[in-house]
Amino acid sequence: MKELLLKYMDTFTSLSEREQQEIVDTIVLEEYPKGSYLMKQGDKPTSKCYFTLQGCVRQFYVDEAGKEVTSNFYTEEQAILGFNTLAKDDHTSDFSLICMEDCVLVVGDLDSEEKMFHKYTQLETMTRKMMEIYLSEAQEERAVFIHSKPEERYKIMVQKRPHLVNRVPQHQLASYLGMTPESLSRIKRRMNNELVKDLES
């Protein structure tokens with residue numbers, strides 16, 4: 001698993017192999033079984049953040065009507081920011097994070113990151129670049145989501161994140177796409193029929 005982290009450092013830094021190995025040796029990897037909560041809605045946020053090496057983590061919240069609303073899925077090579085250091089002391093988390101599969105995550109916290117950044121300035125640069133890419137992609141996805149019709153949202157997801165179709169329950173996928181499970185079923189059926197017609201023609 002740590003080979004993936006070395007790949008990132010090769011891409012974004014010019015650190016020596018020895019420095020890269022020192023950093024990797026200090027990184028904390030944790031295994032979480034399916035069903036484990038990284039955070040629950042209403043809990044006080046911690047300074048922890050995560051990077052997914054293996055598995056799928058679902059972000060969701062329970063609305064005023066008591067309905068679960070899925071806001072994201074984090075899979076391999078995606079960062080999970082579950083903390084808010086600027087929040088007031090009485091602030092609580094607005095969402096929950098739960099492992100949909102057995103997961104292997106890099107677990108970090110602000111204190112340890114600050115020490116590493118002080119020792120290896122290029123590591124801070126690498127982290128910033130990765131976060132810039134992540135935030136840019138998240139903003140783009142959100143903009144497309146808002147302006148797209150339900151069927152377009154599904155097509156975009158199939159194009160960019162096809163693995164989600166078979167990795168998460170349909171009702172949660174529908175919630176993530178902002179539609180009912182019934183609507184999602186109709187869209188999938190219609191797209192499958194169109195595919196069959198194209199193959200037959």
Side-chain angles (χ1 to χ4, degrees), residues 4 30-43 45 48-84 92-106 130-201:
L4 179 60
E30 294 283 356
E31 296 184 8
Y32 295 88
K34 179 179 178 180
S36 300
Y37 277 88
L38 306 179
M39 179 184 295
K40 290 187 178 181
Q41 184 175 351
D43 287 352
K48 288 184 178 181
C49 57
Y50 306 90
F51 185 81
T52 312
L53 291 179
Q54 179 180 306
C56 176
V57 177
R58 173 181 170 234
Q59 178 178 314
F60 71 96
Y61 65 91
V62 179
D63 64 16
E64 295 179 353
K67 180 181 177 181
E68 286 190 2
V69 179
T70 299
S71 47
N72 210 343
F73 293 101
Y74 300 96
T75 52
E76 287 77 11
E77 299 188 39
Q78 290 189 316
I80 307 171
L81 304 180
F83 57 81
N84 186 350
T92 57
S93 175
D94 296 324
F95 56 85
S96 297
L97 293 168
I98 186 171
C99 296
M100 301 297 296
E101 304 168 349
D102 292 340
C103 293
V104 179
L105 308 175
V106 174
M130 289 175 62
M131 290 311 303
E132 287 173 353
I133 293 171
Y134 169 77
L135 292 174
S136 176
E137 290 177 348
Q139 289 175 344
E140 182 181 348
E141 287 180 6
R142 182 61 180 169
V144 171
F145 180 88
I146 292 173
H147 297 98
S148 299
K149 295 180 179 179
E151 186 163 340
E152 293 172 336
R153 294 175 192 166
Y154 178 74
K155 288 180 178 179
I156 291 170
M157 186 210 67
V158 170
Q159 180 182 6
K160 293 189 173 182
R161 308 184 71 183
H163 54 279
L164 288 181
V165 175
N166 297 317
R167 291 179 71 174
V168 300
Q170 180 161 298
H171 69 280
Q172 293 176 0
L173 190 62
S175 177
Y176 169 63
L177 294 170
M179 63 181 76
T180 64
E182 293 76 18
S183 294
L184 178 57
S185 292
R186 286 194 294 270
I187 290 171
K188 291 171 69 175
R189 187 162 54 249
R190 183 161 58 247
M191 288 181 63
N192 287 335
N193 290 337
E194 291 174 357
L195 178 61
V196 170
K197 289 181 181 178
D198 290 340
L199 293 173
E200 291 176 345
S201 61

Participant: When rounded to the nearest 0.5 angstrom, what is the spacing between CD1 in I80 and OG1 in T52?
Facilitator: 3.5 Å

Participant: At what distance, to the nearest 0.5 angstrom, does NZ of K188 lie from CG of L184?
Facilitator: 5.5 Å

Participant: Just checking, any donor-acceptor pair under 3.5 angstrom between side chains of S71 and Q59?
Facilitator: yes

Participant: Does F51 form a side chain to side chain contact (heavy atoms under 4.5 Å, CB included) with Q78? I'd like the steps, not just the answer.
Facilitator: CA-CA 6 Å; F51 185 81; Q78 290 189 316; 5.9 Å; no

Participant: What pairs meet the salt bridge (charged side-chain N to carboxylate O under 4.0 Å, His left out) rule with one or both residues in residues 163-176, with sequence neighbours excluded?
Facilitator: E76-R167, E101-R167

Participant: Scan the side chains in residues 144-157 for donor-acceptor partners under 3.5 Å anywhere in the protein, sequence neighbours excluded, and list what turns up.
Facilitator:
from : atom 1 : to   : atom 2 : distance (Å)
H147 : ND1    : A143 : O      : 2.8
S148 : OG     : V144 : O      : 2.5
E151 : OE1    : R190 : NE     : 3.3
E151 : OE1    : R190 : NH2    : 2.7
E152 : OE1    : K149 : N      : 2.9
R153 : NE     : F145 : O      : 3.1
R153 : NE     : S148 : O      : 3.2
R153 : NH1    : L177 : O      : 2.9
R153 : NH2    : S148 : O      : 3.4

Participant: Answer whether the closest heavy-atom distance between the side chains of L97 and Y74 falls below 4.5 Å.
Facilitator: yes

Participant: With side chains defined as the heavy atoms from C-beta onward, is the minimum distance between L53 and V106 less than 4.5 Å?
Facilitator: yes

Participant: Would you mind reporting whether M100 and I98 have side-chain heavy atoms less than 4.5 Å apart?
Facilitator: yes

Participant: Is any side-chain heavy atom of Y176 closer than 4.5 Å to one of N72?
Facilitator: yes

Participant: Does the side chain of F73 reach to within under 4.5 Å of the side chain of Q172, using non-hydrogen atoms?
Facilitator: yes

Participant: List the steps, then state whether side chain to side chain donor-acceptor pair (under 3.5 Å) holds for S185 with Q170.
Facilitator: CA-CA 8 Å; S185 292; Q170 180 161 298; 2.6 Å; yes

Participant: Which side-chain N or O atoms in residues 32-41 pair as donor and acceptor under 3.5 Å with protein atoms at least two apart or in another chain?
Facilitator:
from : atom 1 : to  : atom 2 : distance (Å)
S36  : OG     : P33 : O      : 2.7
Q41  : OE1    : V62 : N      : 2.7
Q41  : NE2    : V62 : O      : 3.4

